[in-house]
> 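Sharing a structure below in structure tokens format, with a few things to ask.
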Amino acid sequence: MSVERYNPREAEPRWQQVWDDAKSFVTNTDDPREPYYVLEMFPYPSGRIHMGHVRNYTLGDVVARFQRAGQECAASHGLGRLRLAGRECRHGAWAQSRHWTRQNIGTMKAQLKTMGLSIDWTREIATCEPEYYQHQQSMFIDMLAAGLVTRKKSKVNWDPVDMTVLANEQVIDGRGWRSGAPVEQRELTQWFFKITDYAEDLLTALDGLTDWPEKVRTMQRNWIGKSQGLAFSFGLTGAPEGFDTLPVYTTRPDTMRGPTFAAIAADHPLAKALAEGNPEIAAFNKLCQQSGTSAEALETAEKLGFDTGIKVTHPADPSWELPLYIANFVLMDYGTGAIIGCPAHDQRDSDFARKYGLPVIDVFQPLDSDAAVGDVAFTPPKTQKVRYVQWFGEPGAEITCREAMDQTLALFEQNGWGEAQTQYRLRDWGLSRQRYWGAPIPIIHCEVCGTLPVPKKDLPVVLPEDVSFDKPGNALDHHPTRKHTTCPQCGGAATHETDTMDTFVDSSRYFALYRALRRPPRPFRPWPTAGCRWINISAASSTRSCTCSIRASSPAP
Amino acid sequence: MVPMPPAGSFCRIRLRNATSSGPEAGVEGASRFQQRIWRLVGETVEIAKQSAGIVRASDDDEALSLRKVVHRAVHNVGGDIEGLRFNRAVAQIYELTNALVRSAGLVAVAPAARLAALEEGVERLIQLIAPMMPHPAETCWEALGKLGLITDAHWPAVDSALLVDDEVTMPIQLNGKRRGEIVVPKGLPAAEVEKRVLSLDEIVRMLDGKAPKKIVIVPDRIVNVVV
Ligand SMILES: [Zn+2]
């Protein structure tokens with residue numbers, strides 16, 4: 001044998017051709033061995049493969065090739081590995097989006113192929129194709145029937161120039177990331193997945209995910225944000241007609257002797273009612289709505305308040321009155337949109353109290369000091385022992401905040417001042433997007449019959465390709481004919497929903513579709529739930545909620 | 001000793017070869033390693049050709065210890081890939097390659113026993129690199145005259161008898177300073193250890209014809225030579 005050097009330029013294309021011809025990586029579904037499924041996150045078709053892809057896919061390929069070779073022991077593995085999908089097209093390239101995506105997929109696929117990855121390309125999927133998103137439309141209809149999809153009004157970041165909804169991450173310093181226009185808070189009627197129905201399931205299931213890094217599990221727990229607190233109502237003095245009480249939820253019942261003010265969100269029904277007769281309040285509310293709603297935006301923004309002149313009365317002592325403010329740091333969609341302000345033990349409340357000259361009442365102090373709480377709120381861990389000086393229990397008790405919270409909750413329940421309540425920070429998943437690029441939401445609006453799902457026999461509702469992006473806003477809305485249809489119930493004139501689904505809906509389920517056999521793109525075939533022996537997977541956040549919901553709305557096999 | 005590239009280099013080399021424009025950093029080590037394996041395969045094939053007709057005999061000590069290294073590597077690399085410890089898998093493959101290259105140089109001494117172990121070792125090595133470097137693995141597989149694709153080959157079996165660690169490495173001290181080591185079967189009597197230590201090249205050289213004053217041997221642990 002000669003001592004020629006190994007020549008990868010010659011060898012690599014040659015072996016790739018050999019593997020291709022031998023169909024080496026096509027999954028054999030008749031293989032009796034226990035299946036093994038290697039899945040990596042599919043790439044976003046940005047146009048080029050980068051080092052991150054290469055690293056992921058090569059390491060995944062090592063595992064796949066190893067598993068394909070089987071083990072020395074009797075139990076060996078068959079497998080399918082497959083992927084690549086189109087997702088939302090990035091800004092600046094909206095014009096020929098689908099064409100653009102397909103082109104990019106082609107380029108990236110060629111690059112991945114030259115790396116010799118053992119991918120079963122016969123199972124390639126692209127989320128921009130009706131063949132893929134038709135299942136999502138079918139699931140949407142099933143979930144609607146099962147009560148897991150709702151339509152409700154919600155506050156969104158609205159870019160008035162691009163005429164689209166922006167995610168919190170897309171609002172930078174109060175301006176739209178693309179247009180640079182000041183972002184407005186608007187109320188829109190939107191579609192939601194009711195993932196909050198699964199808050200407890202999602203939380204408890206984390207305990208079983210022992211392979212997950214603890215960091216990620218903690219993030220998930222915080223995202224779900226389960227809390228045990230006190231629900232009660234303030235009495236109202238001087239409020240407009242129809243507002244007798246103000247429901248509040250607090251996670252710190254132990255501080256119920258410490259509030260020096262109450263505050264409501266700018267879009268609280270009471271704030272809105274007050275704005276009607278008072279231009280000053282109306283202007284203040286508008287100002288609040290111009291800032292972002294993300295946690296970071298609220299944390300860093302200057303705390304602003306407007307004294308309504310209304311007094312609230314304490315549930316345990318109706319003679320105890322507190323001023324009621326409208327404040328920019330109170331969120332309508334968390335709790336009840338109303339808070340108690342306890343400056344001694346919450347930094348945000350402390351900043352607010354100092355700015356508006358409100359008193360500070362120390363509820364508890366450190367064991368080793370009896371100095372009053374100063375400019376910095378005293379917020380020890382709930383498991384730390386402190387001395388309670390102003391609370392509903394025994395004066396001077398040296399106990400942990402956790403114990404004091406439990407005792408106060410019990411006392412409030414006994415006296416009928418309020419009740420214990422469990423809440424979650426988790427919000428329903430708003431899936432409506434007012435833009436072209438996404439799976440059309442399969443809904444028909446009829447003036448007579450109302451909102452109806454598209455009959456399944458008419459699926460998929462295909463995204464038209466003859467669209468124009470000359471005007472800002474949703475191209476589906478501008479399309480000359482696409483919107484108009486007939487009502488499946490009364491046969492009258494009706495319109496198609498023009499919202500499309502968040503593209504995260506696409507990427508929540510691709511892992512399950514790879515295992516489905518190749519099917520002709522049309523007509524519609526039901527979501528393949530039978531024979532799911534290939535799937536036993538734990539995935540992150542949106543995928544976890546989506547999977548829960550699919551499970552709940554799927555008919556039993 | 002050739003420095004070991006991390007597993008990531010094997011990712012990058014595939015990108016570079018695929019696009020001829022990928023980042024070069026760290027790829028050189030992986031590239032040299034591929035050539036090294038390719039040379040080892042060439043040598044093995046050549047030795048086998050020259051030794052045609054020799055009846056493979058039963059193992060001698062050298063062959064047995066090579067087989068132990070080989071089977072240990074197959075066992076460990078499998079576990080490392082399953083446990084996603086790619087850098088450790090690469091380290092094992094590197095050690096195995098070093099042992100095989102050294103062994104290829106020794107085959108001429110006792111070809112009957114050692115060739116079989118070398119051939120087995122090289123074949124296993126190619127199977128171990130196949131998941132990471134499938135292209136050179138196929139080329140090597142072809143050069144070794146194996147039937148079919150390595151992509152379709154089964155992961156090599158491990159002879160568990162060869163995983164039992166029945167050897168110990170004893171450090172050798174000369175006047176309290178570490179001067180070398182010796183690998184002996186576990187429980188080898190002190191007299192036998194002494195005989196082997198005194199026949200070692202480096203000890204003979206250091207004693208320079210003088211007789212040691214005393215040799216202290218703690219069986220399975222340490223050898224101390226006092227001059
Ligand atoms: Zn109708």
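Lettering follows sequence order; numbering is per chain, from 1.
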> Taking all heavy atoms of A/G116 and all of B/P134, pick out the closest pair and write down the distance.
O-CG, 4.5 Å
> Would you find a donor on one side and an acceptor on the other, under 3.5 Å apart, between the side chain of B/Q35 and the backbone of A/R5?
no
> Could you tell me whether the side chain of A/D61 reaches within less than 4.5 Å of the side chain of B/P131, counting heavy atoms only?
no
> Quick one, B/F86 with A/V63, criterion side-chain contact (heavy atoms from CB on, under 4.5 Å). Give me CA distance, side-chain angles, the key distance, then yes/no.
CA-CA 10 Å; B/F86 300 108; A/V63 174; 3.8 Å; yes
> With side-chain contact (heavy atoms from CB on, under 4.5 Å) as the criterion, how do A/R14 and B/T139 come out once you've worked through the C-alpha distance, each side chain's angles and the decisive distance to 0.1 Å?
CA-CA 10 Å; A/R14 181 160 65 91; B/T139 305; 4.2 Å; yes
> Let me confirm one number: the CG-OG distance from B/D152 to A/S24, rounded to the nearest 0.5 Å.
5.0 Å
> Could you look at B/A130 and say if it's the side chain, the backbone, both or neither that has a heavy atom under 4.5 Å from chain A?
backbone
> Got a sec: does the CG of B/D201 have more than 12 other heavy atoms crowding it under 6.0 Å?
no
> Under a 4.5 Å heavy-atom cutoff, which of B/V77, B/I81, B/I150 has the most pairs with chain A?
B/I81
> Got a second to check how far B/W155's CH2 is from A/Q67's CD, nearest 0.5 Å?
10.0 Å
> Are a donor atom and an acceptor atom from the side chains of B/E138 and A/W19 found within less than 3.5 Å of each other?
yes
> Given B/R39 and A/E4, is the salt bridge (charged side-chain N to carboxylate O under 4.0 Å, His left out) satisfied, shown in steps?
CA-CA 9 Å; B/R39 278 197 307 275; A/E4 264 172 54; over 6 Å; no
> For B/Q127, is it the side chain, the backbone, both, or neither that has a heavy atom closer than 4.5 Å to a heavy atom of chain A?
neither
> Side-chain contact, heavy-atom cut-off 4.5 Å: A/Q16 with B/H135?
yes
> If you define the side chain from C-beta out and look only at heavy atoms, does anything of A/W15 sit under 4.5 Å from B/T151?
no
> Do you know the tightest heavy-atom contact between B/W38 and A/Y6?
CD1-N, 3.1 Å
